[in-house]
Amino acid sequence: KKAGKQSVVALSAFENELGVQAPVGFWDPLGLSKNGDAAVFRRRRVTEIKHGRISMLATMGYITQQLIRIPGYLSYSSDVKFA
């Protein structure tokens with residue numbers, strides 16, 4: 001019984017964090033934060049935000065390449081133009 005009680009305490013340790021929503025509450029399907037370590041939780045949150053920002057920049061780079069075409073030649077002597 002004691003292990004179950006500790007699990008409930010650890011899961012409620014992050015119930016007041018930013019991003020917790022009413023229908024689900026603190027959602028941790030893999031149980032990565034069940035020990036309640038605040039430093040590990042903060043590191044994972046910061047890493048997730050960083051990776052999300054990098055992904056958004058990569059997506060914008062992909063879209064920009066499709067929308068903007070640079071006129072000119074790749075090889076003037078071979079008459080090869082930019083696509």
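When reading the values below, keep in mind they use all heavy atoms of this one structure, side chains included, and skip hydrogens, waters and symmetry mates. Just so it is clear, the structure is predicted and the values come from calculations on it, not from any experiment.
Under the rule for a side chain to side chain contact (heavy atoms under 4.5 Å, CB included), the partners of S77 that lie at least two apart in sequence or sit in another chain are S75. Y76 pairs by the ring-ring contact (aromatic ring centres under 6.0 Å, His included) definition with Y73, not counting sequence neighbours. Judged as a side chain to side chain contact (heavy atoms under 4.5 Å, CB included), and not counting sequence neighbours, the contacts of I68 are T64. Partners of R43 under the salt bridge (Lys or Arg N to Asp or Glu O under 4.0 Å) rule, at least two apart in sequence or in another chain, do not exist in this structure. Judged as a side chain to side chain contact (heavy atoms under 4.5 Å, CB included), and not counting sequence neighbours, the contacts of I63 are T59, L67.
Residue pairs meeting the ring-ring contact (aromatic ring centres under 6.0 Å, His included) criterion with at least one partner in residues 31-58, sequence neighbours excluded, are F14-F41, F26-F41.
R44 contributes atom CZ, which lies 14.5 Å from atom CD1 of I49 (distance to the nearest 0.5 angstrom). Between the CG atom in L74 and the CG atom in D79 there is a gap of 11.0 Å [rounded to 0.5 Å].
Nearest heavy-atom pair across V20 and E15 is CG1-O, 3.6 Å. V40 and D37 get closest at one heavy-atom pair: CG2-OD2, 3.0 Å.
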Full working for side chain to side chain contact (heavy atoms under 4.5 Å, CB included) between K50 and V46: CA-CA 6 Å; K50 179 180 74 169; V46 168; 5.5 Å; no
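Residue E48 places its CD atom among 12 or fewer non-hydrogen atoms of other residues, nucleotides or ligands, all under 6.0 Å distant.
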